[in-house]
Amino acid sequence: MAKTHITTTVNGDEYEVLCEVDQTLLDVLRDELHLTGTKEGCSSGDCGACSVMVDGRLMCSCLVLGVEADGKSIDTIEGMADGDVLHPLQRNFLELNGLQCGICTPGILIAAKNLLERNPNPTETEIRFWLAGNLCRCTGYDKIIRSVMAAAEEMRGN
Amino acid sequence: MATILEDSKFNPDQKLKVVGTNPVKHDGPDKVTGRAKFGADMYLPGMLFGKILRSPHAHAILKSIDTSAAEALPGVNAVATRDDFPELQAGTPGGDLSRNIMAREKVLYDGHPVAAVAATSESIARRALKLIKVEYEILPHVIDPVEAMQPGAPILHSHLRTKGVEGAQDTPTNVVERLVCEMGDVEKGFAAADFIVEGEYDSKPMHQSYIEPQGCVASASQDGQIELYCCTQGIHVFRDRIGEILKIDSAKIRVSQSEMGGGFGGKTSPYAEPVAAVLSRKSARPVKIVLTRNEVFRCTGPVSATKSKIKMGCTKDGKITAAQADLVFQTGAFTGSMFFNGPWAMFTRYALDNIHTVACEVVSNRPKVNAFRAPCVPQIVFGVEALVSEMANKVGMDQIDFRLKNAAKEGDTTVFGQTFERIGFVETLEAAKQTDHYKSKLPEGWGRGVSTGFWFNRDGDTTGSLTITPGGSVTIMVGTSDVAGSRISLSMMAAEELGVPVEKVRAILSDTAMMGNNRVTAGSRTTYSAGMVIVDSARQAIAEMCRRAAEIWGVPVEGVEFVDGAVHPSSSNVGEFEPMSIAEIAAKTSVSHGAISGHTEMNVTGAGPGFGVHLVDCEVDRGTGRVDIKRYTVIEDAGKAIHPLQVEGQYQGGAIQGVGWALNEEYIYGEDGRLQNPGFLDYRIPVASDVPMVDTVIVEVPNPRHPYGLRGVGEVPVTPTLGAVGNAIGDAIGIRPTSLPMSPPKILKLLKDAGLNTN
Ligand code: FES
Ligand code: FES
């Protein structure tokens, strides 16, 4: 099957990729670029483990075709820290044990960062509904929600 | 000298510096930055992608498989079928595992593997699967375990005869085993009762639903060595079982573990890994297989469906006098449900003299079940705790007081023959009574449920080692898996022993070649057992450091002691020497005397049983039957919480998994015997907006068999949940549900039948 050539920017770096037309953006990130921080839990848009930002919009990368990423700018978990300085969300997840196995964590961090950009002071309920598309089977969500709340407070400068 | 198993040197008065604090876990930074490598994250040069073709039928004879067209597709490097797996005798552990991994004579469930391909891309592999022609002769199927027990039911295995039944059996059956557990005399017990309560309960399979599907890469070399990288709860068990079914000397297989994205019991046995190994041998290339979510639901896990009939009796002053049960456990297409846990654990929180249970394990046309936190226990406790609550109400006692009155204590003997050493059930119940939650007034219209739970906690074969670097840092290595943070807990125990900050310690998970045998990481055994071998290894290293310091000082080794991270002269009589720190001894002697290290392998014993109490408040929508969990508190004995945040995480995660099972999660089969909800859209686990915060109380009644007093904490938090939620719903609507899950249609029916719904 003929492959399609795309040019896409991931975490600020430009990549050229030859992808098969049935490859998803998730497949391209993982199988072609070996950026495996973005996880696959279902491939059907139900778990949020594959969450990335596409031109500033939060998306499930398993529901986007690789060829659709042509000319787009993608942000993944690998680009969240500023060099060796962790993002406040990342730090709070570590300090408050917002992760157990950690498979859901990249997707949750990407989604939570997007939430805090839109709403720096979310309520517990707002966080719960925003993250309702990100499944976690380990934590029962308690410490995830608390980590996001603590990061939000820190980022507001309190 | 007494071994650590004979004398753990547990000291309740020890001033702890590290144990009981909450350092950031060492695997954390890689997990929040995307650097951590899970099962699906390995890529090797020349690697192929493997895919598995699965049966669309619940039960059929596998007449023929034609793979020629798939083999001819460009990009396909290998195709595997039953012919590539050695034939092992049906009905043996190896024969069953082999047939579950690749169907042989028959397919036994929707999703049963029948062939596999390895190709240069996933897309080609998927196309190749479509080119494989399989001829099936469809047979009648049976899904429900009770139907499977009836005469004339479709038979899965012609060789199967029931274990535990007297006399010759001429005809095959689906009942694998009938197990009777008893103590005392139940007839006498019921005769002494003033109140007798009974009920029938049922549950459906739920899936472990780890978010990471199984993923692996196998790489076979031309000299017969196989390297396997995968997410697993037991590297050694995977190695040995794969060796067994492929008839390969298991020493030729090296299994390395990735980070694991949740297992909960579901990753204790192999599925795609042996298939990847076969494809790799045939293609002489590394082969990666990652299951899809659909495959995870159809072919791995889930837990046993059950039916139970339970009867209990008590006196009017609240003493339980007898308990009886008939239990049926569905095990899927093959035996291995560990159903004995059900009868052993179901009443074990209470000190009972008279128990009689009969439990059957039954095969049916569903995927073989796998372990899940406290296998086969929560769904049975669901019924027991309904009756316990009912008895408390009949007697007119407070729910917790009734349970306290019957609580098991040190010295009590269980139905499985163990006499309890020091346990903390009474303390846990008392702590539950003191919670704000229990003392709070229940808002109008809500219901409150109480339930208790028990798990044996496991121990067993474990290996670990510890090395001190010349710079005074510490590396520990274990052959167990890390399912939720055991590496940091083990590092903390090593740090405590050695008197160094935990930042100085790093824990590594070994592969099968680096460490001797380890039992699977399951049953809440790992922090306990691996903690034991790591503490023992640290003590060996300390003894060696004492010898070296004594040698440097020219004094007898009896004249020195290790305190707070340094060797000191034990008294001024020995001489005036400046204490020597670990770093100093290591720097001075690592080159001359070799590295300072310790290494331990042992069959660990002494796991302390765990007990928990759950409190749930809920509200029931009388128009829709939807149950909203409003408040949740978990109270559980951890013995000693090494890393309290992680212990809380176990309690919270277990409780919410239980809430999903209680209210929503189930396998739904069509008339055709196919699973109708193999995805997260239709099999819905709790999402963040479904649940409240979960409050926790960590009770600490130390287990003196462990150097730091700990008990396993992973299984107990699921055991009371179903019962607690059921009791809360019962309290809210006045009718205690008996069928799991307690989903809106079922609750609505209960409300309608009682004339209570508002529509
Ligand atoms: S993998 Fe994309 S939502 Fe689950
Ligand atoms: S931490 Fe394991 S799924 Fe969220």
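All values below come from the heavy atoms of this structure, side chains included, with hydrogens, waters and symmetry mates left out. Lettering of chains follows the sequences in order, A, B, ..., and the numbering in each one begins at 1. Since this is a predicted model, take the numbers as computed values, not measurements.
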Check the pair B:Glu122 / A:Arg30 against salt bridge (Lys or Arg N to Asp or Glu O under 4.0 Å), numbers first and verdict last. CA-CA 13 Å; B:Glu122 277 212 72; A:Arg30 293 178 52 84; over 6 Å; no
[X] portion near chain A, given a 4.5 angstrom heavy-atom threshold:
{"X": "B:Phe264", "answer": "side chain"}
{"X": "B:Thr292", "answer": "neither"}
{"X": "B:Glu259", "answer": "neither"}
{"X": "B:Tyr632", "answer": "neither"}
{"X": "B:Pro692", "answer": "backbone"}
{"X": "B:Met693", "answer": "both"}
{"X": "B:Gln646", "answer": "both"}
{"X": "B:Ala36", "answer": "backbone"}

Between [X] and [Y], is any pair of side-chain heavy atoms under 4.5 Å apart?
{"X": "B:Val691", "Y": "A:Arg128", "answer": "yes"}
{"X": "A:Arg137", "Y": "B:Tyr210", "answer": "no"}
{"X": "B:Phe49", "Y": "A:Asp31", "answer": "yes"}

Which atoms of [X] approach chain B - backbone, side chain, both or neither, heavy atom under 4.5 Å:
{"X": "A:Leu96", "answer": "backbone"}
{"X": "A:Leu135", "answer": "both"}
{"X": "A:Phe93", "answer": "side chain"}
{"X": "A:Glu124", "answer": "side chain"}
{"X": "A:Asn134", "answer": "neither"}

For chain A, find which of [options] contributes the most heavy-atom pairs closer than 4.5 angstrom.
{"options": "B:Val483, B:Ile656, B:Leu681", "answer": "B:Leu681"}
{"options": "B:Arg684, B:Gln208, B:His643", "answer": "B:Gln208"}
{"options": "B:Gly679, B:Gly215, B:Ala40, B:Gly649", "answer": "B:Gly649"}
{"options": "B:Gly262, B:Ala484, B:Ser209", "answer": "B:Ser209"}

Measure from the side-chain N and O atoms of [X] to the backbone N and O of [Y], and report whether any donor-acceptor pair falls under 3.5 Å.
{"X": "B:Gln652", "Y": "A:Lys143", "value": "no"}
{"X": "A:Tyr141", "Y": "B:Asp690", "value": "no"}
{"X": "B:Lys31", "Y": "A:Cys101", "value": "yes"}

Using a cut-off of under 4.5 Å for heavy-atom pairs, which of A:Leu109, A:Leu99, A:Leu131 has the most such pairs with chain B? A:Leu99
I'd like to know which of A:Gly102, A:Gly41, A:Gly133 tops the heavy-atom pair count under 4.5 Å against chain B. A:Gly41
Output, in order, the C-alpha distance, side-chain angles, deciding distance and verdict of salt bridge (Lys or Arg N to Asp or Glu O under 4.0 Å) for A:Asp22 and B:Arg126. CA-CA 11 Å; A:Asp22 63 353; B:Arg126 271 195 296 266; 3.6 Å; yes
Can you measure from [atom1] ([X]) to [atom2] ([Y]) and round to the nearest 0.5 angstrom?
{"X": "A:Met80", "Y": "B:Thr33", "atom1": "CE", "atom2": "OG1", "value": "10.5 Å"}
{"X": "B:Asn294", "Y": "A:Ser43", "atom1": "CG", "atom2": "OG", "value": "11.0 Å"}
{"X": "A:Gln23", "Y": "B:Ser123", "atom1": "CD", "atom2": "OG", "value": "7.5 Å"}
{"X": "B:Asp27", "Y": "A:Gln100", "atom1": "CG", "atom2": "CD", "value": "11.0 Å"}
{"X": "B:Asp41", "Y": "A:Thr36", "atom1": "CG", "atom2": "OG1", "value": "4.0 Å"}
{"X": "B:Ser689", "Y": "A:Ile127", "atom1": "OG", "atom2": "CD1", "value": "12.5 Å"}

Would you please name every residue forming a side chain to side chain contact (heavy atoms under 4.5 Å, CB included) with A:Asn11, sequence neighbours left out? A:Asp75, A:Thr76, A:Glu78
Tightest non-hydrogen contact, residues B:Phe680 and A:Cys42, listed as CD1-CB, 4.1 Å
Write down the atom of B:Ala688, the atom of A:Ile145, and the distance for their closest heavy-atom approach. CB-CD1, 4.4 Å
Take atom OH of A:Tyr15 as the centre, draw a 6.0 Å sphere, and report whether it contains more than 12 heavy atoms from other residues, nucleotides or ligands. yes
Please indicate whether A:Asp84 has more than 12 foreign heavy atoms, meaning atoms of other residues, nucleotides or ligands, lying under 6.0 Å from its CG. no
Could A:Asp46 and B:Arg293 be called an ion pair, given the rule that one side-chain N must be under 4.0 Å from one carboxylate O? no
Note: B:Lys25-A:Glu95 ion pair, threshold 4.0 Å (strictly below): no
Name of the residue among A:Leu94, A:Ile77, A:Ile108 meeting side-chain contact (heavy atoms from CB on, under 4.5 Å) with B:Val32: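 Result: among A:Leu94, A:Ile77, A:Ile108, A:Leu94 is the only option passing the side-chain contact (heavy atoms from CB on, under 4.5 Å) with B:Val32.
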